[in-house]
Amino acid sequence: MAERFVSRLFGGPGSDDNPLTSIHGHQCKKRHGHRQREKKLASHLYGQYSMALVKANARNEDRCQLVSGPLSNLPGGPIGVFVGIYDGHAGNLCSQFVLDNHFDNLKTAFTNQHGHVNCPVAIVEAYSSTEDKFVEHARENWQQKPKLASAGSCCLSAVVHNNVLYVANAGDSRAVLAKWGVGDEDAEEEQLSIDYTTQSVHRRRELQDVHFDDPDLIKVNNYGIYRVRGCVQVTRAIGDVYLKFNEFNQPPLKAQYRQQQPIVRPILRADPTGCTRPLGPRDKFVIFGSRGLWRGITNDEAVSLVKASPRSGAARALLIKALDNRARRHNLVYEDLKNQPLATRQNIHDDISIVILFFGNLPAENQ
């Protein structure tokens with residue numbers, strides 16, 4: 001059986017964190033409050049990976065995770081690689097909960113298949129279980145901890161098993177595949193996930209088709225930003241129970257989240273859409289990133305940069321490029337961000353989490 005290890009770039013312990021098998025990213029030196037973490041390069045079952053993150057909020061709302069090895073609790077059960085990007089909003093209570101529970105729920109789903117492996121079914125069951133458990137957790141504890149009612153998290157996950165990549169997404173994080181063949185000068189990019197954001201007219205229409213009788217469903221502010229009930233910019237997410245169940249639409253929920261129109265049926269959904277992608281020799285790597293990354297860089301630019309970079313430190317190189325792009329929109333450059341106070345940085349960039357999953361191994365001199 002393959003040895004299992006976990007790589008988690010975040011602060012604080014988690015239930016899936018075995019100190020004997022964990023690989024932790026290190027925190028870069030704090031430079032003028034500009035905090036980053038990275039795992040330059042490590043191995044997984046099918047190749048290598050690089051991870052990086054930066055926080056913009058006082059408390060980082062992003063979480064990311066990679067697990068390589070057994071995917072179930074059964075001896076001789078399926079093995080593979082799991083990646084999770086959990087982009088929290090209204091705090092990190094939900095994203096931390098997803099980090100602590102989602103992979104365990106996936107393992108349980110695989111275990112319940114008793115050797116008849118069906119990855120898409122297991123993945124959907126894991127999302128449903130994570131959502132149900134968070135709702136239960138919120139119901140039991142929100143009177144003492146009201147932020148549980150307003151906290152939510154996007155959930156982008158992937159499983160590689162038997163040379164097939166399975167991607168699932170509920171939220172506005174994104175997975176992008178890079179592919180090229182022998183002699184190809186340029187890489188081709190393929191987006192493997194749907195962005196469930198209110199900034200997309202298609203996603204707004206998707207909501208409006210279901211909630212056609214809700215006059216307050218979508219609100220737009222003076223900056224042209226669309227929000228569900230004036231609160232969130234995503235149309236699918238784990239948590240956000242105040243937009244799903246009217247029982248939370250009362251004190252001690254903060255006034256800014258209370259709804260004038262009652263919640264007749266859940267507005268946001270937690271079920272993901274998925275993509276099944278057999279992997280071939282042209283498929284080189286996948287970039288998994290939270291929304292903060294894709295606000296600062298295009299799919300094509302990200303793929304080209306990673307292709308041209310050494311594997312070791314590739315995630316941080318991508319992070320720096322996205323930050324520099326965001327800084328330039330404010331007449332700054334990346335180096336200027338280090339001197340900006342937290343309140344200013346929040347207006348320039350969001351929390352960013354990146355996992356780059358490389359397929360196949362390269363000799364050290366080519367990394």
Side-chain angles (χ1 to χ4, degrees), residues 1-8 10 13-23 42-47 49 63-86 94-140 153-171 173 175 192-193 236-239 269-279 286 288 355 357:
M1 180 179 292
E3 182 181 0
R4 171 176 170 270
F5 66 83
V6 183
S7 189
R8 301 149 67 95
F10 68 104
S15 60
D16 190 45
D17 197 16
N18 184 336
L20 298 178
T21 58
S22 295
I23 300 176
S43 297
H44 61 79
L45 282 175
Y46 310 116
Y49 68 95
R63 299 291 186 266
C64 59
Q65 175 182 34
L66 184 146
V67 184
S68 181
L71 296 173
S72 82
N73 298 316
L74 293 174
I79 63 172
V81 175
F82 170 82
V83 175
I85 300 284
Y86 316 127
C94 189
S95 57
Q96 183 67 47
F97 184 93
V98 176
L99 177 69
D100 289 340
N101 290 274
H102 192 59
F103 180 67
D104 281 344
N105 294 334
L106 180 68
K107 286 193 298 181
T108 298
F110 275 120
T111 300
N112 292 340
Q113 293 179 347
H114 303 289
H116 302 284
V117 178
N118 187 321
C119 287
V121 169
I123 289 168
V124 170
E125 288 181 359
Y127 274 77
S128 178
S129 181
T130 301
E131 167 75 354
D132 290 347
K133 289 179 179 179
F134 184 80
V135 172
E136 180 183 6
H137 176 59
R139 281 183 171 139
E140 292 177 352
S153 181
C154 301
C155 184
L156 169 67
S157 66
V159 173
V160 184
H161 172 68
N162 280 352
N163 215 38
V164 179
L165 171 66
Y166 304 88
V167 175
N169 190 43
S173 299
L192 303 178
S193 57
R236 298 196 186 196
I238 305 290
R269 298 167 55 180
D271 55 308
T273 52
C275 169
T276 299
R277 181 66 162 69
L279 294 171
V286 182
F288 301 92
V355 178
L357 198 65

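In what follows, residues are counted from 1 in the order of the sequence shown.
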**Asked** Stepwise, does the side chain to side chain contact (heavy atoms under 4.5 Å, CB included) test hold for V160 with L45?
**Response** CA-CA 9 Å; V160 184; L45 282 175; over 6 Å; no
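- The backbone N or O of V98 sits nowhere less than 3.5 Å from a side-chain atom of T130 that would complete a donor-acceptor pair.
- To the nearest 0.5 Å, the span separating CG on D100 from CD on Q65 amounts to 8.5 Å.
- With hydrogens and angles ignored, the 3.5 Å screen pairs a side-chain donor or acceptor of N169 with a backbone N or O of S173.
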**Asked** Could you walk me through whether V117 and L71 pass the side chain to side chain contact (heavy atoms under 4.5 Å, CB included) check?
**Response** CA-CA 10 Å; V117 178; L71 296 173; over 6 Å; no
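- Interatomic distance, R277 CZ to N163 CG, rounded to the nearest 0.5 Å: 11.0 Å.
- The two residues S72 and F110 have their closest heavy-atom pair at CB-CB, 3.7 Å.
- Only one option out of C275, S157, P120 pairs with Y166 in a side chain to side chain contact (heavy atoms under 4.5 Å, CB included); it is P120.
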Side-chain donor-acceptor contacts of residues 74-85 below 3.5 Å, not counting sequence neighbours, with atom names and distances?
none

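- Across all their heavy atoms, C154 and A237 have their closest contact at N-CB, 4.5 Å.
- When every heavy atom of C119 is checked against every heavy atom of H161, the shortest pair comes out as SG-CD2, 3.9 Å.
- Not a single donor-acceptor pair under 3.5 Å links the side chain of S95 to the backbone N or O of R63.
- The two atoms that bring L66 and Y49 nearest to each other are CD1-CG, 3.6 Å, heavy atoms only.
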**Request:** Determine, stepwise, if the pair N118 / Q113 fulfils side chain to side chain contact (heavy atoms under 4.5 Å, CB included).
**Result:** CA-CA 8 Å; N118 187 321; Q113 293 179 347; 3.7 Å; yes
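- Residues V124 and D271 fail the side-chain proximity criterion, which asks for heavy atoms closer than 4.5 Å.
- Between the side chain of E125 and the backbone N or O of L106, no donor-acceptor pair lies under 3.5 Å.
- Taking CG of D104 as the start and CG of N73 as the end, the distance is 8.0 Å to the nearest 0.5 Å.
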**Evaluation steps, side chain to side chain contact (heavy atoms under 4.5 Å, CB included), between V167 and V286** = CA-CA 11 Å; V167 175; V286 182; 5.8 Å; no
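- Note: L192 CG to T273 OG1 = 11.0 Å, rounded to the nearest 0.5 Å.
- If you look at F97 and H102, their ring centroids are not closer than 6.0 Å.
- Considering all non-hydrogen atoms of both residues, P70 and F103 come closest at O-CZ, 3.9 Å.
- Scanning both residues, C64 and V355, for their nearest heavy atoms gives CB-CG2, 4.3 Å.
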